[in-house]
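Just so you know, these numbers come straight off a predicted model, no measurement behind them.
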Amino acid sequence: MAKVGIWVGSVFGGAEAVAQQALQRLQQAGHQAQLMPLEADAYQQDWTHVLVCTSTTGQGDVPDPLNLVYYQLRDTLPQVTGRYADVIALGDSSYGDTFAGAGRKFIEVFAEMAVPAVQAALIIDACEESDPVAASATWLAQYVAKLSD
Ligand SMILES: Cc1cc2nc3c(=O)[nH]c(=O)nc-3n(C[C@H](O)[C@H](O)[C@H](O)COP(=O)(O)O)c2cc1C
């Protein structure tokens, strides 16, 4: 059984809805999962897996209050052994260079920390997908199946 801490960064609720779907699927498969309070020590808590569900705001920015956790990771690069971290990034490709910037920031920081992912990150483009819950369903099913192996 995996113990999954889900971190949400959402402005208008899309990433939040994706996170709720992840929570439901993980719990139905018998895993322990929780939407994590986004406190500075969130990464230090006793989770085997972290799943970041974040949209992008501003100009490639992480939404508040997930920003606090991002800066804490980036500035301290904490080392916790046996941890996996995965990312679902919502964005809009019409923003050009900052497309899905928040999710990419997490992907970069986890790479710097040498934390592996269960599978390649999912990037959801609002220009192509009007329903992020539907757009994340297959990715989440694969993620849950890998955790259950
Ligand atoms: C003020 C504002 C700024 C945004 N900036 C970006 C951006 O820099 N890059 C990007 O990919 N998407 C950007 N977006 C698009 C959102 O990330 C996208 O619509 C996402 O699906 C919203 O998810 P949410 O409902 O969880 O907030 C921006 C949206 C708004 C309203």
Side-chain angles (χ1 to χ4, degrees), residues 2-29 31-40 42-43 45 47-78 83-149:
K3 198 171 170 190
V4 187
I6 303 171
W7 297 352
V8 186
S10 185
V11 178
F12 298 108
E16 171 85 39
V18 169
Q20 290 289 351
Q21 174 177 228
L23 181 68
Q24 205 176 13
R25 284 173 178 253
L26 285 161
Q27 288 178 342
Q28 275 168 0
H31 299 293
Q32 189 177 336
Q34 189 183 315
L35 299 188
M36 292 292 290
L38 299 170
E39 289 151 5
Y43 190 74
Q45 311 240 343
W47 301 92
T48 58
H49 295 72
V50 168
L51 177 59
V52 179
C53 300
T54 187
S55 65
T56 299
T57 191
Q59 295 182 329
D61 299 328
V62 177
D64 284 332
L66 184 57
N67 230 351
L68 174 70
V69 178
Y70 169 67
Y71 282 120
Q72 208 256 347
L73 285 187
R74 192 199 66 177
D75 295 343
T76 66
L77 300 178
R83 180 68 58 87
Y84 289 83
D86 284 78
V87 177
I88 299 176
L90 281 67
D92 183 325
S93 57
S94 69
Y95 283 84
D97 285 351
T98 67
F99 174 48
R104 293 183 199 283
K105 283 179 173 171
F106 277 97
I107 293 166
E108 273 170 31
V109 84
F110 288 133
E112 226 177 309
M113 292 160 63
V115 178
V118 171
Q119 59 188 18
L122 175 66
I123 311 281
I124 301 174
D125 183 357
C127 276
E128 292 181 0
E129 308 280 357
S130 59
D131 180 356
V133 171
S136 58
T138 302
W139 188 98
L140 278 172
Q142 289 166 348
Y143 178 74
V144 174
K146 285 175 187 168
L147 295 196
S148 304
D149 270 352

Novice: To the nearest 0.5 Å, tell me how far Gln32 CD sits from His49 NE2.
Specialist: 13.0 Å

Novice: Which heavy-atom pair separates Ile124 from Pro132 by the least distance, and what is that distance?
Specialist: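 Closest heavy-atom pair between Ile124 and Pro132: CD1-O, 3.8 Å.
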
Novice: Can you confirm whether more than 12 heavy atoms, excluding those of Tyr84, are under 6.0 Å from its OH atom?
Specialist: no

Novice: Which atom names give the shortest non-hydrogen contact between Leu35 and Gln20, and what distance separates them?
Specialist: CD1-NE2, 3.5 Å

Novice: Checking the side chain of Arg104 only, and the main-chain atoms of Thr98 only, is there a donor and an acceptor separated by less than 3.5 Å?
Specialist: no

Novice: Quick check: closest heavy atoms across Ile6 and Ala19, and the distance to 0.1 Å?
Specialist: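 Scanning both residues, the minimum pair turns out to be CG2-CB, 3.9 Å.
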
Novice: Show every side chain to side chain donor-acceptor pair (under 3.5 Å) that has at least one partner inside residues 125-134, sequence neighbours left out.
Specialist: Ser93-Asp125

Novice: How long is the straight-line distance from OG1 of Thr54 back to CD1 of Ile88, given to the nearest 0.5 Å?
Specialist: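 Result: 11.0 Å between the selected atoms.
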
Novice: For residues Val69 and Val52, determine if any side-chain heavy atom of one lies less than 4.5 Å from a side-chain heavy atom of the other.
Specialist: no

Novice: For residues 141-149, please give each side-chain donor-acceptor pair under 3.5 Å, one per line with the distance, not counting sequence neighbours.
Specialist:
unit_1 : atom_1 : unit_2 : atom_2 : d
Lys146 : NZ     : Gln119 : OE1    : 2.9
Ser148 : OG     : His31  : NE2    : 3.0
Ser148 : OG     : Val144 : O      : 2.9

Novice: Does the plane of the ring in Trp7 sit parallel, tilted or perpendicular to the ring in Tyr43? Use 30° and 60° as the thresholds.
Specialist: perpendicular

Novice: Counting only heavy atoms not in Asp97 (residues, nucleotides, ligands), do more than 12 fall under 6.0 Å from its CG?
Specialist: no

Novice: Kindly say whether Ala120 contributes a backbone atom to a donor-acceptor pair with the side chain of Trp139 at under 3.5 angstrom?
Specialist: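 Pair found, side chain donor or acceptor close to backbone of Ala120.
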
Novice: In Å, rounded to the nearest 0.5 Å, how long is the span from CD of Gln72 to CG of Leu38?
Specialist: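 Going from CD on Gln72 over to CG on Leu38, the span is 11.5 Å.
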
Novice: Looking at every heavy atom in both Ala22 and Leu140, which two are closest together, and how far apart are they?
Specialist: CB-CD2, 3.6 Å

Novice: From Phe110 CZ over to Leu73 CG, what is the distance, rounded to the nearest 0.5 angstrom?
Specialist: 5.5 Å

Novice: Within this structure, what is the CG-OG distance for the pair Asp64 and Ser10, rounded to the nearest 0.5 Å?
Specialist: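 The distance works out to 12.5 Å.
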
Novice: Identify the heavy atoms of Val11 and Pro63 that sit nearest to each other, and give their distance.
Specialist: CG2-CB, 4.1 Å

Novice: Any donor-acceptor pair under 3.5 Å linking the side chain of Glu112 with the backbone of Arg74?
Specialist: no

Novice: Please find the pair of heavy atoms, one from Leu51 and one from Val87, that lie closest to each other, and give the distance.
Specialist: CD1-N, 4.4 Å

Novice: Check for a donor-acceptor pair, side chain of Arg83 on one end and backbone N or O of Trp47 on the other, with a separation under 3.5 Å.
Specialist: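 Confirmed, Arg83 side chain pairs with Trp47 backbone.
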
Novice: Please round to the nearest 0.5 Å and tell me the distance separating atom CG of Asp75 and atom OH of Tyr70.
Specialist: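 Interatomic distance, Asp75 CG to Tyr70 OH, rounded to 0.5 Å: 8.5 Å.
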
Novice: Check whether more than 12 heavy atoms from other residues, nucleotides or ligands sit under 6.0 Å from atom CD of Gln28, and answer yes or no.
Specialist: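 Yes, the 6.0 Å shell around CD holds more than 12 heavy atoms from other groups.
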
Novice: When you compare the side chain of Val62 with that of Phe106, does any pair of heavy atoms fall below 4.5 Å?
Specialist: yes

